[in-house]
Amino acid sequence: MTNVLGPEEKIGVDGERLWRSLHELATIGAYDDAETGLVGVNRQSLTDADAQGRRLLVSWLQEAGLQVSVDELGSIFGRREGTDPSLAPVMAASHIDSVGTAGAFDGCVGVLGALEVIRSLNEQDVATRRPIVVAAFTEEEGVRFGTDMLGSAVAAGRLGLDYAYGLTDSAGLRLGDELERIGFKGSRPVRLEPPYAYVECHIEQGPVLLREGYAVGVVTGVQAISWQQVTLHGRAAHAGTTPTELRIDASLAAAQVVVHVREMVDSGRYGQLRATVGRITVSPGLPNVVPDRAELTVDLRNPDDTHMAAAERDLAAFLAELPDRQPGLRVETAQMARTAHVPFDESVQREIEAVAADLGMPTRRLMSGAGHDAQEIAAIAPTAMVFVRGQYDGISHNPREYSTPQDCEAGVTALANTVLRLAQRPD
Ligand code: GLV
Ligand code: MN
Ligand code: MN
C-alpha cells in the first residue's frame, strides 16, 4: 500500500459492487412472504441460514485481505492493518442477523458497507495510519433469544457472556449450544478493546429522510428501549358452559394489555412513546377452551428517559390491577431488554457532517427510533451513525424495506470518508 491521502482527499466506493453483495447475502434466508407477495429474508441469529450468511461474510472479509477473528459470542471481526498498528483502530460495524420478515438492508448495509470501504481502500491502494476493523455483531435483533444488541452489549461489557450463553429461544434451545452447533463459538475474548472511534451505517427504517429529501442523515443517538415478557395465568374452562362471571380468561387480559399500551401512547402523557405487543401466544389454543395462559411481549420506545420510566410505571400499575377485573388471574413479568437513551459523540457527528458537506451531500441530524449496535459501543468509544434514506415511508422489518442503489452508495461513501478521516487522525 503506497497511497497516503491528504486530509482533503476523498475516496469513492463501488456502489454496484455494494448492491451485488447486499443482494447476494439476501438470497440466504430468502422466503416467499405471503402477506406482501414479495421475497423476504428470515436469517435469525444462529440459525442455519445465519451460519451460511456468516460463512459468506467471512469469505468476503478474507478475500479483502482482512485478518478475521470470531469472538466467544460469535461476533465476526476483520482487521486491516494501519501504518501504525499500535494505534487503536477505527471500527465500522453492524449486524447480518435479521428479524423473520426482513428485507436486504437492515444491518447488512452497515456490514457490507464497511466491507466496501475496505475493498475501495484496497483498490485505490490507500494506507491508513490506524487499523480499520469491520465487524458483524451476533443477535442484534434479539428476536430469537429475547435480548437485542446482544453481541455488542457483551462486547462493550454491559451484559455478561454467561447471561448471553444461557438465553433460550422459543424451542428452549440455548444460545451457547446453538453457537457451537453452527461453528461460530470463537476464541477471541468477547470484551472489546475500545476502538479509537466507531461508525455505523444503517438504513433509517423510518420516514424522516424521505419526507425531507435527504439521502443521508447524521444520527444523534438512540431512544430508550424497554422489552418485557408478560405472562398471564388464567384458568382453562369450557367455552360453552362456563358462565362469564366464572371465567379467568387469559386472552381477554392479553387484549386489555394491548389496548392499554395503545391508550398510553394516545394519551400523550408519555411524550413520543411508542408501544408494540409483537408476540401473543395463547394456550391451550383450542376453540372451545377458555385460555389458561397468555404470553405476550411489550416493546416500549421513548426518546426521553423520564417519560419512559413513567410509562413503565403506568404499565406496571395496570398489570398489577388486572386481577381486579378477573379475580384469580395471576400476572408475571420479566424484563427482556432495557436500554436508556444513548446520545452519540458530538465530534464524530461533526466529522460525518463535514465529510458529507465536502462530498456535496446535504444532511440532517435525527435520532434513531430503532436500536443499534452503535448504542452499545458508544459506552466504550466515540460513536455515531450514518443513516441511509429508505423508501415506501421508510418501512422496515418488512420485505418491502428498500433503499435505492444511489442512496446506499451515498451513505457508504459518507461512511468511507468518515472512517478514512478518523483513521488518519494522529491523536
Ligand atoms: C432493532 O431492529 C430494533 O428492534 O430496534
Ligand atoms: Mn439493524
Ligand atoms: Mn432490525
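Start at 1 and go down the list; that is how both ligands and their atoms are numbered.
- Judged by a 6.0 Å distance limit and a 45° cone about the ring axis, R188 is positioned over the six-membered ring of F77.
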Q: Could you go through the side chain to side chain contact (heavy atoms under 4.5 Å, CB included) check for F137 and D97 one step at a time?
A: CA-CA 8 Å; F137 289 106; D97 67 305; over 6 Å; no

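- A salt bridge does not link E139 to R144: none of the charged side-chain nitrogens sits closer than 4.0 Å to a carboxylate oxygen.
- Between R269 and D314 a salt bridge is recorded (basic side-chain N to carboxylate O distance below 4.0 Å).
- At a threshold of 4.0 Å, the pair D48-R181 counts as salt-bridged, since one of the basic side-chain nitrogens sits closer than that to a carboxylate oxygen.
- Near the Mn ion (ligand 2), less than 2.8 Å away, sit the protein N, O or S atoms H95 NE2, D106 OD1, H202 NE2.
- Not counting sequence neighbours, the partners of D266 by the side-chain hydrogen bond (donor to acceptor under 3.5 Å, both in side chains) test are R262.
- Within 4.0 Å of ligand 1, the residues that place a heavy atom are E140, E141, R301, A370, G371, H397, listed by chain and number.
- With no hydrogens or angles considered, a side-chain donor-acceptor pair links Q335 and S226 at under 3.5 Å.
- Sorted by first then second residue, the salt bridge (charged side-chain N to carboxylate O under 4.0 Å, His left out) pairs that include residues 364-387, not counting sequence neighbours, are R158-E376, E212-R364, E346-R365, E353-R365.
- For the residue pair S21 / R119, a side-chain donor-acceptor distance below 3.5 Å is found, with atom types taken as modelled.
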